Every structure is written in C-alpha cells, then in structure tokens.
Q: 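Would you mind keeping the following structure in view while I ask a few things?
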Amino acid sequence: GLQGDGTEAQVTWEDQQNINRFGRLNNRLHELHDEIKLAKEANENLDDAGNELILSDEDVVRFQIGEVFAHMPRDDVETRLEQMKEDAAKKLDGLEQEKESIVSQMAELKKILYGKFKDAINLEED
C-alpha cells in the first residue's frame, strides 16, 4: 500500500491502473505456481506409466484413465501415452512461458512504480 511522510507523489489514474494490474499479475503468478506444480506431476506420472509399460511384456495391458480401467492392446496404449505426454509437455511449456511473461511485466511495473513512489509503496511479498 501507499504510505508516506506527506511529500508522497500524487497517485494518478494511470498509477492506480498500474498498481491494479500489478496485483492481478501477482495473483495469476500464484495460480501459475500451483498449475505448474500439477503439470510437472502429470508429466512425471506419464513418464512412470511409460516406464512401467516398457517393463511389461504383456500384449494387452490395463490402462487407467481417471477412475476407469480399460484393457487395451499394448500398441494402442503406447500411442495414447505418447500423445498424452506430448500434450502434457506442451501444457507445461505454455505455463512456463506465461510465467516468464508475467515476471517480466511485473518487473517493468515495479520499475515504473518504485521510480515514482520510492519507498512510499511496497510491492514485495512478505
């Protein structure tokens, strides 16, 4: 928030927009941290499943999708798994890119806001 010694800079409409935008980006960054964590876990689970499939010498394997088990030809499972791994990797990649973009936008806003308000404004997390 803003607090000063009476000599604080005037908060213009544009400043207020920047402060609000910073807050929104910051919230999204927190969401992204969770989403990235889940996406990484999904990737790892698919890798594990792939490794189990490699170790199995069955022609028909049990394949679990959510709560549902299906018995599928091994080749179909391999194809399906590869597709899922590709999708999961793309998703993680997209999230990581969004995070980078947000981090640099926030840095830019910090520069602008600290440049104007100095220590009258605090944009750091506790």
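This structure is a prediction, so every number in the text was calculated from the model and none was measured.
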Q: Using a 4.5 Å cut-off on heavy atoms from C-beta on, say whether the side chain of Lys40 contacts that of Glu96.
A: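 The answer is yes; the side chains approach within 4.5 Å.
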
Q: Would you please test Asn26 and Glu125 for side-chain contact (heavy atoms from CB on, under 4.5 Å) and show each step?
A: CA-CA 10 Å; Asn26 194 37; Glu125 307 244 33; 3.0 Å; yes

Q: Would you kindly confirm whether Leu25 and Val103 end up in one hydrophobic cluster when ILVMFWY residues are joined by side chain heavy atoms under 4.5 Å apart?
A: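 Both belong to a single hydrophobic cluster.
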
Q: If you count every heavy atom of other residues, nucleotides or ligands that lies below 6.0 Å from Asn20 atom CG, does the total exceed 12?
A: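 Count over threshold, so yes.
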
Q: Can you establish whether the number of heavy atoms outside Lys91 located under 6.0 Å from its atom NZ is more than 12?
A: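 It does not: Lys91 NZ has 12 such atoms or fewer within range.
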
Q: How long is the straight-line distance from CD of Glu82 back to NZ of Lys85, given to the nearest 0.5 Å?
A: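 Interatomic distance, Lys85 NZ to Glu82 CD, rounded to 0.5 Å: 5.0 Å.
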
Q: Might you point out which heavy atoms bring Ala39 and Leu95 nearest each other, and give the distance in Å?
A: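 Smallest heavy-atom distance, with atoms named: CB-CD1, 3.9 Å.
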
Q: Are Ser104 and Glu100 close enough that a side-chain donor and a side-chain acceptor fall under 3.5 Å?
A: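 Checked: Ser104/Glu100 side chains show no N/O donor-acceptor pair below 3.5 Å.
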
Q: Report, one line per pair, each donor and acceptor closer than 3.5 Å where one atom sits in a side chain of residues 107-114; sequence neighbours left out.
A:
| residue | atom | partner | partner atom | Å |
| --- | --- | --- | --- | --- |
| Lys110 | NZ | Glu124 | OE1 | 3.3 |
| Lys110 | NZ | Glu124 | OE2 | 3.3 |
| Tyr114 | OH | Leu123 | N | 2.9 |
| Tyr114 | OH | Glu124 | OE2 | 3.0 |

Q: Distance check, rounded to the nearest 0.5 Å: Ile102 atom CD1 versus Leu32 atom CG?
A: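 Rounded to the nearest 0.5 Å, the CD1-CG separation comes to 5.0 Å.
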
Q: Does atom NZ (Lys99) have a neighbourhood of more than 12 heavy atoms from anything else shown, all under 6.0 Å?
A: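 It does not: Lys99 NZ has 12 such atoms or fewer within range.
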
Q: Output yes when Arg21 and Glu14 qualify as a salt bridge under the 4.0 Å nitrogen-oxygen rule, no when they do not.
A: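 So Arg21 does not pair with Glu14 through a salt bridge.
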
Q: Would you please say whether a donor-acceptor pair under 3.5 Å links the side chains of Asn27 and Glu31?
A: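 No, because no side-chain N or O of Asn27 sits under 3.5 Å from a partner of the opposite role on Glu31.
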
Q: Charged N to carboxylate O under 4.0 angstrom, Glu86 versus Lys90?
A: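 Yes, this pair counts.
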
Q: Between Asp15 and Thr12, do the side chains contain a donor N or O and an acceptor N or O under 3.5 Å apart?
A: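 Yes, a side-chain donor-acceptor pair sits under 3.5 Å.
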
Q: Mind checking the CG-CE spacing from Asn43 to Met84? Nearest 0.5 Å is all I need.
A: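 The CE atom of Met84 is 11.0 Å from CG of Asn43, to the nearest 0.5 Å.
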
Q: Might you work through the side-chain contact (heavy atoms from CB on, under 4.5 Å) test for Arg24 and Arg28, ending with a clear yes or no?
A: CA-CA 6 Å; Arg24 282 196 304 273; Arg28 179 63 188 138; over 6 Å; no

Q: Please give me the minimum heavy-atom distance between Leu46 and Ala88, naming the atom from each residue.
A: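 Closest heavy-atom pair between Leu46 and Ala88: CD1-CB, 3.7 Å.
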
Q: Check the pair Ser101 / Gln105 against side-chain hydrogen bond (donor to acceptor under 3.5 Å, both in side chains), numbers first and verdict last.
A: CA-CA 6 Å; Ser101 161; Gln105 289 177 66; 3.0 Å; yes

Q: Measure the spacing between CG of Asn18 and CZ of Phe117 and express it to the nearest 0.5 Å.
A: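 One gets 9.0 Å once the value is rounded to the nearest 0.5 Å.
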
Q: Step by step, work out the salt bridge (Lys or Arg N to Asp or Glu O under 4.0 Å) result for Glu78 and Arg74.
A: CA-CA 6 Å; Glu78 274 178 2; Arg74 184 196 173 106; 3.3 Å; yes

Q: Hydrogens and angles aside, do Asp87 and Gln83 bring a side-chain donor and acceptor to less than 3.5 Å of each other?
A: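 Per modelled atom types, Asp87 and Gln83 side chains form a pair under 3.5 Å.
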
